[in-house]
Amino acid sequence: QYIKANPKWKLKDVVVQLMYDQIINLKILPATKLNINQLAQNLGISRTPVAEAVGELMEKGLIVNRDDNPGYYVMNLNINDMIDLYRVRTALECEAAAVCTERASAQVIRELEELAGHFTQFAQKRDQEGMTDADMPFHRLIVDSSEDPYIVKCYDLMVPYLSMYQKAMTRAVATDRDNPWYSSVIYNHEAIASAIKMHIPELARTAMKDHINASLNYSSYTKNNILFG
């Protein structure tokens, strides 16, 4: 499938994209030990492009070595790392939302309102997959529409980690019926879109901060304080 979609790519690049997608979508779970020979066998290819792909994904931080047990592992997820990541996310996205109050076009605002409406509908139904599908495009649109190249570049570096934590967090919360996260975020996207539409920077910052903090706070609220695994 990947080779057919990208016939001009080097085999190593195809494997990188395949493994990248599987890792950030949690098809290969965090902390999984990788066997290069087995991966190559499963893909029906030689070991070399798989080893090269693993090396490239190590440079991106998605695959790591462990001192306690030698080998290659998918990066693990933990609440302390999520706190660090979301601290930077808050700074970038709050500023992007504020800038959007000045730069977002009428078309962008309509798209934000549409995505926000979808997010609300999915949150009301506790539809985990639907919320995920509506969430990242909403945030991505705000970042891109800020038209600030430095915000965009920094955000691009965070995207794979945000994707992993978002999927892990929604899965964890979905198994905890007592977690108030769903009810707390139902109207968050609509509040952000409204602030941008009204051209009020500080309101946009506050709405975005409240939304990101809700996700972080209620991730810590999961039963036994276990978020991942």
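Dense packing is recorded around NZ of Lys33, with more than 12 heavy atoms of other residues, nucleotides or ligands lying under 6.0 Å away. Remark: Asp67 CG is loosely packed, at most 12 non-hydrogen atoms of other residues, nucleotides or ligands lying under 6.0 Å away. Heavy atoms of other residues, nucleotides or ligands lying less than 6.0 angstrom from OH of Tyr187 number 12 at most. The 12-atom threshold is exceeded at NZ of Lys167, counting heavy atoms of other residues, nucleotides or ligands nearer than 6.0 Å. Within a 6.0 Å sphere centred on CD of Glu129, other residues, nucleotides and ligands contribute 12 heavy atoms or fewer.
Each of Leu141 and Met198 belongs to its own hydrophobic cluster when Ile, Leu, Val, Met, Phe, Trp and Tyr are linked at side-chain heavy-atom distances under 4.5 angstrom. There is no path of hydrophobic side-chain contacts, each under 4.5 Å, that joins Leu157 to Met164. Transitive grouping of hydrophobic side chains (ILVMFWY, heavy atoms separated by less than 4.5 Å) keeps Leu112 and Val99 in distinct clusters. Residues Ile28 and Met169 share a hydrophobic cluster, clusters being chains of Ile/Leu/Val/Met/Phe/Trp/Tyr side chains in contact below 4.5 Å.
In this structure, Ile196 and Ala204 approach most closely via the heavy-atom pair CG1-CB, 4.4 Å. Residues Pro30 and Asn76 come closest through the heavy atom pair CB-OD1, 4.0 Å. Considering every non-hydrogen atom in both Ala214 and Ser184, the closest pair reads CB-OG, 4.0 Å. Residues Leu39 and Leu34 share a closest heavy-atom pair of CD1-CB, 4.2 Å. Contact detail for Ser163 and Met136: the closest heavy-atom pair is OG-CE, 4.0 Å. Scanning both residues, Glu190 and Ala116, for their nearest heavy atoms gives N-CB, 3.7 Å.
Salt bridge present: Glu56 and Lys12 bring a charged side-chain N and a carboxylate O closer than 4.0 Å. Ion pair Arg110/Glu113 not flagged as a salt bridge, since none of the NZ, NE, NH1 or NH2 atoms sits closer than 4.0 Å to an Asp/Glu carboxylate oxygen. Ion pairing of Arg140 with Asp156 is present here, as a side-chain N (NZ or NE/NH1/NH2) and a carboxylate O approach within less than 4.0 Å.
A donor-acceptor pair is defined here as one N or O able to donate and one able to accept, closer than 3.5 Å; no such pair exists between the side chain of Thr206 and the backbone of Leu203. Using modelled atom types, no side-chain atom of Asn65 and backbone atom of Pro70 make a donor-acceptor pair closer than 3.5 Å. Asp13 places no side-chain N or O within 3.5 Å of a backbone atom of Trp9 that could act as its donor or acceptor partner. Side-chain atoms of Thr32 do not come within 3.5 Å of backbone N or O of Val74 as any donor-acceptor pair. Under the 3.5 Å distance criterion, the side-chain polar atoms of Asn25 are left unmatched by any main-chain donor or acceptor of Lys27. One N or O on the side chain of Arg103 and one on the backbone of Ser146 form a donor-acceptor pair closer than 3.5 Å. No donor-acceptor pair closer than 3.5 Å links the side chain of Thr101 to the backbone N or O of Ala97. Using modelled atom types, no side-chain atom of Asp81 and backbone atom of Leu77 make a donor-acceptor pair closer than 3.5 Å.
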Passes side chain to side chain contact (heavy atoms under 4.5 Å, CB included), Ile151 versus Glu95? Steps please. CA-CA 8 Å; Ile151 290 178; Glu95 189 60 26; 4.1 Å; yes
Are His199 and Glu102 close enough, and set up right, to give a side chain to side chain donor-acceptor pair (under 3.5 Å), and what steps lead you there? CA-CA 6 Å; His199 308 293; Glu102 303 169 359; over 6 Å; no
Test side chain to side chain contact (heavy atoms under 4.5 Å, CB included) applied to Arg87 and Asp84, step by step: CA-CA 5 Å; Arg87 182 182 298 115; Asp84 290 339; 3.0 Å; yes
Show the numbers, then the answer: is there a side chain to side chain contact (heavy atoms under 4.5 Å, CB included) between Arg89 and His139? CA-CA 11 Å; Arg89 179 186 187 184; His139 289 272; 3.5 Å; yes
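No side-chain heavy atom of Thr48 sits less than 4.5 Å from a side-chain heavy atom of Leu11. Residues Tyr72 and Leu57 are not in side-chain contact: their nearest non-hydrogen atoms beyond the backbone lie 4.5 Å or more apart. The shortest distance between side-chain heavy atoms of Ile192 and Phe138 falls below 4.5 Å. The closest side-chain heavy-atom distance from Val185 to Met131 is below 4.5 Å. In this structure, Met75 and Tyr161 have side chains that are in contact, with non-hydrogen atoms separated by less than 4.5 Å. Looking only at side-chain heavy atoms (C-beta outward), Leu43 and Leu18 come within less than 4.5 Å of each other. By the 4.5 Å heavy-atom criterion applied to side chains, Leu62 and Met19 are not counted as neighbours. Within the 4.5 Å cutoff, the side chain of Ser105 has heavy atoms near those of the Val108 side chain.
Between the OH atom in Tyr155 and the CG atom in Leu162 there is a gap of 5.5 Å [rounded to 0.5 Å]. Summarising the geometry, atom CE belonging to Met208 is positioned 11.5 Å from atom CG belonging to Asn213; distances are rounded to the nearest 0.5 Å. Rounding to the nearest 0.5 Å places OG of Ser215 at 8.0 Å from CD1 of Ile212. A distance of 14.0 Å separates CG in Leu92 from NZ in Lys153, rounded to the nearest 0.5 Å. Note that the CD1 atom of Ile63 and the OH atom of Tyr20 stand 12.5 Å from one another [nearest 0.5 Å]. Here CD of Gln128 is found 10.5 Å from CG of Asp133. Values are rounded to the nearest 0.5 Å.
Looking only at atom types and distance, the side chain of Asn37 has no donor-acceptor partner in the side chain of Gln41 under 3.5 Å away.
The aromatic rings of His189 and His211 stand perpendicular to each other, their planes meeting at an angle above 60°, with 30° marking the opposite boundary.
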